[in-house]
Amino acid sequence: MGSDSHTAVPLLESSPSTGTASAVQTFGNIIVSIVGTGILGLPFAFRIAGWLAGSIGVIVAGIATYYCMLLLVQCRDKKASQELTQETKTYGDLGYKCLGNAGRFLTEFLIFASQCGGSVAYLVFIGQNLSSIFKHGITASSFIFLLVPIEIALSWIGSLSSLAPFSIFADVCNFLAMAIVVKEEVEKLLSGEFKFSDRVAVTSKIGGMPFAGGMAVFCFEGFGMTLALEASLKERQKFPILLAKAFTAITLVYVLFGFSGYMAYGDQTKDIITLNLPYNWSTIVVQIGLCLGLAFTFPMMVHPVHEIVEGKLVNSEWYQNLCYNNDETSTRIGKFGRYASRAVLIGVLAVLASFVPEFGVFASLVGSTVCAMISFVLPATFHLILLGPSLNFWQRALDYCILICGLLFACYGTYNTIVGV
């Protein structure tokens, strides 16, 4: 889900001035950071917007996200040159440098909300898929709550690196699901069931295109990893070209998959395309594989949220007075507090997920709101503040255009998703 960037730590750690990753490694990291289960909702977005409008929406979202990633890198480099240091700045640090404490709070709040939204989307996706597999009256909400004890236990694991292979496993299952959808589309085409004229190019519904735009932005929501990816590259001057190649490949795959999925199922396309697949062993294996992969990568997704909550907890005066007496009892109290906060947070996310009616609607809402603010509004704002005087007229105009369009998209996309397309 655009979301599996959703495995990235948004409050990026400081990194050495010289990265060690090769171009191939960084290219792979970009792909893994951006491509996730959100792609399985794209055919539904194409159904809502139309195949032509959906394709244009994905392309525009990809180009805008790529450009704003470069803006963020420029902002970090500008601050580094001013402070005579090559230390990688976090998104929150940039917010503070540009807008003070309010900027840091706004940036970190949006990142927090984005990660929570992605985590809820994970749970909704798993619940809906399991509910479609086990057709015995068990609701998606029931499956979500059954997952809670497992996710709490996994969140208590000290090292997340042991869960990393499951992220790769989830990506493999994503690929298999996409392959099966494309196979179904080809079979329908060859059997004569498919009629191109029955598929809408541009929807007549005014809310269709913003809805698809929100889904597309959600799918590109790997923005939190921008600074870390750039800093990790050994030859950092090659990052813009490498990022452009990765985004070209990802955008092409998104458009082709959304198009083929909509062509295969037309008006019957569901918000998660795997729910359209025939009920047979191959589909069930892929769906269970997706759910297992996401269940084990959920702790990686929610880890940044735990870090933010625990950071505020540890810095609170009452917690310090309670836990930092340098004795064994205080240490145990501190550890219990961290474990309890993780359990409570996962429980709250599960409750929120149980109220989400549809994966597609929720993903579009997250994409239209916090993802749009993080990916477009903040980078353009920071760029104008830090580099505004040195920009020419067209560069400033483009930044203002992105800023205004991002705000309008966030406002209208939220309204449109809530009232229904």
Expected output: side-chain [X] to main-chain [Y] donor-acceptor under 3.5 Å:
X      : Y      : answer
Ser55  : Trp51  : yes
Ser341 : Arg338 : yes
Ser375 : Thr65  : no
Tyr122 : Val302 : no
Ser260 : Leu256 : yes
Ser155 : Ile152 : yes
Thr283 : Tyr279 : no
Thr251 : Thr248 : no
Ser131 : Ile138 : yes

If you round to the nearest 0.5 Å, how far is [atom2] of [Y] from [atom1] of [X]?
X      : Y      : atom1 : atom2 : value
Phe134 : Ile284 : CZ    : CD1   : 8.0 Å
Leu386 : Leu71  : CG    : CG    : 11.0 Å
Leu110 : Glu108 : CG    : CD    : 10.5 Å
Ser119 : Leu352 : OG    : CG    : 10.5 Å
Ile288 : Leu130 : CD1   : CG    : 7.5 Å
Phe112 : Thr107 : CZ    : OG1   : 15.0 Å

Heavy-atom side-chain proximity of [X] to [Y] below 4.5 angstrom:
X      : Y      : answer
Val351 : Phe145 : yes
Asp271 : Val361 : no
Gln287 : Leu275 : yes
Leu99  : Ile385 : yes
His383 : Leu391 : yes
Leu40  : Phe125 : yes
Met69  : Leu72  : no
Phe376 : Val217 : yes

Of all heavy-atom pairs between [X] and [Y], which one has the smallest distance, and what is that distance?
X      : Y      : answer
Cys68  : Ile402 : SG-CG2, 3.9 Å
Ala295 : Glu151 : O-OE2, 2.9 Å
Leu123 : Ala353 : CB-CB, 3.8 Å
Pro210 : Ser364 : O-OG, 4.4 Å
Gln115 : Val305 : CB-CG2, 3.4 Å
Tyr96  : Arg104 : CB-NH2, 3.6 Å

> Is the distance between the ring centroids of Tyr339 and Trp156 under 6.0 Å?
Replying inline: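 Here the rings of Trp156 and Tyr339 have centres that are less than 6.0 Å from each other.
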
>> Determine whether the aromatic ring centres of residues Phe44 and Phe359 are separated by less than 6.0 angstrom.
In response: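 Centroid separation for Phe359 and Phe44: 6.0 Å or greater.
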
>> Test side-chain contact (heavy atoms from CB on, under 4.5 Å) on Val58 and Phe220; report intermediate values, then the result.
In response: CA-CA 9 Å; Val58 170; Phe220 282 108; 4.1 Å; yes

> Asn129 and Ser132: side-chain donor and acceptor closer than 3.5 Å?
Replying inline: no

>> Leu42 vs Ile39, test: side-chain contact (heavy atoms from CB on, under 4.5 Å). Steps then yes/no.
In response: CA-CA 5 Å; Leu42 278 177; Ile39 190 175; 3.9 Å; yes

> What residue among Ile48, Val200, Ile273 forms side chain to side chain contact (heavy atoms under 4.5 Å, CB included) with Tyr262?
Replying inline: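 The side chain to side chain contact (heavy atoms under 4.5 Å, CB included) with Tyr262 is passed solely by Val200 among Ile48, Val200, Ile273.
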
>> Go through it in stages, so that I can follow the logic: the residues are Val377 and Phe409, the test is side-chain contact (heavy atoms from CB on, under 4.5 Å), and I'd like the CA-CA distance, side-chain angles, deciding distance and then a yes or no.
In response: CA-CA 10 Å; Val377 176; Phe409 175 70; over 6 Å; no

> Are Phe143 and Ile126 close enough, and set up right, to give a side-chain contact (heavy atoms from CB on, under 4.5 Å), and what steps lead you there?
Replying inline: CA-CA 8 Å; Phe143 279 111; Ile126 295 172; over 6 Å; no

> Does CD belonging to Gln268 count more than 12 external heavy atoms closer than 6.0 Å?
Replying inline: no

> In terms of heavy-atom contacts, does OH of Tyr66 have more than 12 from other residues, nucleotides or ligands at under 6.0 Å?
Replying inline: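 Yes, OH of Tyr66 has more than 12 neighbouring heavy atoms, counting only those of other groups under 6.0 Å.
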
